[in-house]
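Beneath this line is the structure, given in structure tokens, with notes to follow.
Positions are given from 1, in the same order as the sequence printed here.
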Amino acid sequence: QVQLVESGGGSVQAGGSLRLSCVASGYRFSSYSMSWFRQAPGKEREGVARIQSDGYTYYADSVAGRFTISRDNAKNTLYLEMNNLKPEDSARYYCATGYGAPGSITLTIGHSSWALGYWGQGTQVTVSS
């Protein structure tokens, strides 16, 4: 059974930092791309970052230079380091895997799109001004 469990969210002031983690289980983590997307109430889902199995990364323009996606295959864990947070970064953040794709969600970053397989329950990030 595939499980993705996010943690690390919280409330911070603008300019602060958070590190999100996502522990994956139930499939060969190292072989598949991993992604973060976010959704705020009343807003569309937004692709944030993606890391392929070879380590290649993609970032939304809105977070490039502030967020860093990484993975530790030995720990089956995905990370999102978020610095210089802004109020517009407030959302629920979800991690997702390409394993099991296509599911019902497509991740879009820039001009590229990928089908997602499974995703977690999310972790809330709130940034106050």
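Aromatic ring pairs are classed by plane angle as parallel below 30°, tilted from 30° to 60° and perpendicular above 60°; the pair Phe67 and Tyr93 is tilted.
Closest of all the heavy-atom pairs between Ser70 and Leu78 is O-CD1, 3.3 Å. The two residues Glu46 and Ser62 have their closest heavy-atom pair at OE2-OG, 2.9 Å. Taking both residues in full, the closest heavy atoms of Asn83 and Ser17 are given as OD1-OG, 2.9 Å, listed atom of the first, atom of the second, then distance. Contact between Leu4 and Trp119 at its shortest, heavy atoms only, is CD1-CA, 3.6 Å. Looking at every heavy atom in both residues, Gln124 comes nearest to Ala91 through NE2-O, 3.4 Å. Across all non-hydrogen atoms, the minimal contact from Val2 to Gly26 is CG2-O, 4.1 Å.
A donor-acceptor pair is defined here as one N or O able to donate and one able to accept, closer than 3.5 Å; such a pair exists between the side chain of Arg92 and the backbone of Gly122. At distances below 3.5 Å, not a single donor-acceptor pair connects side-chain atoms of Glu6 with backbone N or O atoms of Tyr94. Ser53 contributes no side-chain N or O that, together with a main-chain N or O of Tyr32, makes up a donor-acceptor pair within less than 3.5 Å.
Residues Tyr58 and Val48 do not share a hydrophobic cluster, clusters being chains of Ile/Leu/Val/Met/Phe/Trp/Tyr side chains in contact below 4.5 Å. If you chain together hydrophobic residues whose side chains sit under 4.5 Å apart, Leu18 and Ile51 fall into the same group. Neither Phe37 nor Ile69 shares a network with the other; the hydrophobic side chains, linked directly or stepwise wherever heavy atoms of I, L, V, M, F, W or Y lie under 4.5 Å apart, form separate groups for each.
Residues Arg38 and Thr123 are not in side-chain contact: their nearest non-hydrogen atoms beyond the backbone lie 4.5 Å or more apart. Side-chain atoms of Leu20 and Met82, non-hydrogen and from C-beta on, do get closer than 4.5 Å to each other. Using a 4.5 Å heavy-atom threshold, the side chains of Lys86 and Arg66 count as touching.
Taking CE from Met34 and CG from Asn76, the interatomic distance works out to 9.5 Å, rounded to the nearest 0.5 Å. Going from atom CD of Gln13 over to atom OG1 of Thr126 covers 13.0 Å, rounded to the nearest 0.5 Å. For the atom pair SG (Cys22) and CG (Leu80), the distance works out to 10.5 Å, reported to the nearest 0.5 Å.
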Which side-chain N or O atoms in residues 100-118 pair as donor and acceptor under 3.5 Å with protein atoms at least two apart or in another chain?
from   : atom 1 : to     : atom 2 : distance (Å)
Thr108 : OG1    : Ser113 : OG     : 2.9

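At most 12 non-hydrogen atoms from other residues, nucleotides or ligands lie less than 6.0 angstrom from CD of Gln121.
A cation-pi arrangement is present between Arg19 and Tyr79 under the rule of less than 6.0 angstrom and at most 45 degrees off the ring axis. Remark: Arg71 is positioned above the aromatic ring of Phe29, its terminal NZ or CZ atom under 6.0 angstrom from the ring centre and at most 45 degrees off the axis.
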- Task: Report the C-alpha separation of Ser33 and Arg50 in whole Å, then their side-chain angles, then the decisive distance to 0.1 Å, and conclude whether the side-chain hydrogen bond (donor to acceptor under 3.5 Å, both in side chains) test is met.
- Result: CA-CA 7 Å; Ser33 64; Arg50 167 187 164 92; 3.1 Å; yes
